[in-house]
Amino acid sequence: MDKVMSDKRIIALYVLPALLLVLVLIYVPIVLTGYYGLMKWDGIGAMTFIGLDNYSRLVKDALFWKSAGHSFLLAVFSTISLIGYLAVAMVLSGRIKGANLLRKIYLVPMLLSSVAIAQLWLKMYHPSNGMLNVILQSFGMKEPIGWLSETSIVLFALFVPIIWQYAGFYILIYYAALTNIPSSLIEAARIDGATPWQVALRIKLPLIASVIKVTIVLAIVGSLKYFDLIYVMTDGGPNGASEVMASYMYHQAFRSFDFGYGSAIGFFLLLTCLIVTWLIRKLTASGEEVQYS
């Protein structure tokens with residue numbers, strides 16, 4: 001077996017299918033998106049080369065920058081929510097009673113499709129008979145709140161199901177990282193008189209720092225390109241109050257049939273995600289990483 005796996009031709013044969021899939025499904029579409037962004041095209045007729053005009057239009061497009069602001073706001077909220085996910089994972093990893101059941105409960109949103117989650121929260125946010133308004137009215141609220149129809153609150157109303165949807169995913173990642181820490185380190189700290197708070201801050205957090213960095217990247221990049229739940233619940237409305245970059249790109253390409261401009265937005269979104277990922281890696285880089293055996 002070692003002789004077979006040392007043969008470079010065999011290694012190439014094993015790697016080739018995966019490389020072809022990555023090439024066809026990722027890199028070719030990226031190149032085509034960049035190419036279409038240089039064109040004026042309705043998706044059906046002939047394409048006309050217009051150079052960087054689509055990108056010049058993007059820079060001047062106030063609606064695009066409004067949607068970009070919404071995406072970055074979602075990224076901020078998603079990043080802050082990681083603190084809560086980490087706190088829950090800390091509690092679950094402490095071998096409390098019912099931890100296994102709680103982990104399964106937190107994972108339920110991950111098992112549901114975005115459309116199902118959107119329909120669930122649409123019912124909860126219904127202005128007349130939604131559960132949320134019914135509960136508030138039972139506490140004396142007179143006028144029902146239009147959670148998805150008022151421009152001042154619709155964006156924050158959408159953040160709640162989005163953050164809830166991915167709670168189980170991040171809690172599971174943190175829980176796996178925390179339970180991988182040798183119990184001997186925790187016990188030694190407790191014998192030395194460390195409090196649970198000190199154990200969490202000075203032992204657990206440094207040892208899972210690399211995992212936390214990964215989740216920060218996932219949360220921010222995932223927020224910048226988020227689309228599905230917002231599309232189902234509000235379609236970017238009312239009056240663009242919940243529009244994000246991905247939904248604005250979709251509307252330009254598939255509603256206005258301006259595939260050139262939609263592709264330019266998509267390529268800009270890709271570059272933004274790459275730049276943000278690079279910045280996070282630079283800002284969170286440390287001289288040496290804490291390790292344990």
Side-chain angles (χ1 to χ4, degrees), residues 61-88 102 104-171 215-216 218-256 265 269:
D61 190 347
L63 292 177
F64 168 76
W65 290 111
K66 180 180 178 181
S67 67
H70 295 162
S71 292
F72 278 101
L73 188 60
L74 174 58
V76 171
F77 272 79
S78 298
T79 305
I80 294 174
S81 68
L82 294 178
I83 299 173
Y85 303 150
L86 181 57
V88 172
L102 288 172
K104 293 180 176 65
I105 292 174
Y106 292 134
L107 284 173
V108 168
M110 274 185 63
L111 305 178
L112 300 175
S113 69
S114 294
V115 175
I117 292 174
Q119 292 301 321
L120 171 66
W121 283 87
L122 280 171
K123 299 293 188 296
M124 293 180 65
Y125 282 144
H126 196 278
S128 58
N129 56 15
M131 186 180 74
L132 192 54
N133 275 342
V134 169
I135 293 173
L136 292 175
Q137 285 174 335
S138 68
F139 283 98
M141 185 188 73
K142 295 181 179 180
E143 294 295 328
I145 300 174
W147 298 99
L148 301 179
S149 59
E150 296 185 15
T151 56
S152 59
I153 62 173
V154 61
L155 198 62
F156 300 99
L158 288 172
F159 288 171
V160 174
I162 293 172
I163 290 172
W164 175 77
Q165 179 183 11
Y166 290 98
F169 173 72
Y170 290 108
I171 289 172
T215 57
I216 291 174
L218 290 175
I220 294 177
V221 173
S223 299
L224 292 177
K225 61 187 184 66
Y226 197 81
F227 169 75
D228 44 5
L229 188 140
I230 293 175
Y231 172 74
V232 176
M233 291 187 69
T234 63
D235 196 22
N239 196 28
S242 62
E243 194 86 87
V244 291
M245 282 192 285
S247 63
Y248 190 68
M249 174 188 67
Y250 173 84
H251 289 146
Q252 292 299 317
F254 296 99
R255 295 279 178 82
S256 301
I265 295 172
L269 179 56

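As a basis for the values below, the full set of heavy atoms in this structure was taken, side chains included, without hydrogen atoms, waters or symmetry mates.
For the pair Asn133 (side chain) and Pro127 (backbone), a donor-acceptor distance under 3.5 Å is present. Side-chain atoms of Ser81 come within 3.5 Å of backbone N or O of Ser78 as a donor-acceptor pair.
In this structure, Leu74 CG and Ser242 OG are separated by 11.5 Å, a value rounded to the nearest 0.5 Å. Atoms OG and CE, on Ser71 and Met245 in that order, are 4.0 Å from each other to the nearest 0.5 Å. Expressed to the nearest 0.5 Å, how far CG of Leu122 lies from CD1 of Ile117 amounts to 12.0 Å. In this structure, Thr79 OG1 and Ile216 CD1 are separated by 7.0 Å, a value rounded to the nearest 0.5 Å. Atom NE2 in His251 sits 11.0 Å away from atom CD1 in Ile265 (nearest 0.5 Å). Interatomic distance, Thr215 OG1 to Ile171 CD1, rounded to the nearest 0.5 Å: 12.0 Å.
Pairing each heavy atom of Gln137 with each of Lys142, the nearest pair is NE2-O, 4.2 Å. Nearest heavy-atom pair, Leu82 versus Ala219, reported as atom, atom and distance to 0.1 Å: CD1-CB, 4.0 Å. Nearest heavy atoms, Ser149 versus Pro238: O-CG, 3.4 Å. Shortest non-hydrogen contact noted between Leu269 and Leu224 is CD1-O, 3.4 Å. Nearest heavy atom pair, residue His126 against residue Ser128, reads CE1-OG, 2.8 Å.
Side-chain contact check for Tyr248 and Asp61: at least one donor-acceptor pair (N or O, by modelled atom type) lies under 3.5 Å.
Gln252 is not listed as a side-chain neighbour of Leu63, based on a closest heavy-atom distance of 4.5 Å or more. Taking the side chain as every heavy atom from C-beta outward, Leu107 and Phe169 never approach each other to under 4.5 Å. Side-chain contact between Ser247 and Tyr231 is absent, with no heavy-atom pair separated by less than 4.5 Å. Between Leu148 and Met233, some side-chain heavy-atom pair lies under the 4.5 Å cut-off. Using a 4.5 Å heavy-atom cutoff, the side chains of Phe72 and Val244 are not in contact. Residues Tyr166 and Tyr226 form a side-chain contact, since some pair of their non-hydrogen atoms from C-beta on lies under 4.5 Å apart. At a threshold of 4.5 Å between non-hydrogen side-chain atoms, the residues Ile145 and Leu132 do not count as touching. In this structure the side chain of Leu86 never reaches within 4.5 angstrom of the side chain of Tyr170, judged on heavy atoms.
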(message) Evaluate Phe159 against Ile230 for side-chain contact (heavy atoms from CB on, under 4.5 Å), listing each step before the verdict.
(response) CA-CA 9 Å; Phe159 288 171; Ile230 293 175; 5.9 Å; no
Evaluation steps, side-chain contact (heavy atoms from CB on, under 4.5 Å), between Gln165 and Ser114 | CA-CA 8 Å; Gln165 179 183 11; Ser114 294; 3.0 Å; yes
Working note: Val232 + Gln119, criterion side-chain contact (heavy atoms from CB on, under 4.5 Å); need CA distance, chi angles, decisive distance, verdict.
CA-CA 8 Å; Val232 176; Gln119 292 301 321; 3.9 Å; yes
task = Could you please spell out the steps behind the side-chain contact (heavy atoms from CB on, under 4.5 Å) verdict for Val115 and Asp228?
result = CA-CA 8 Å; Val115 175; Asp228 44 5; over 6 Å; no
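Aromatic ring centres of Tyr85 and Tyr106: separated by at least 6.0 Å.
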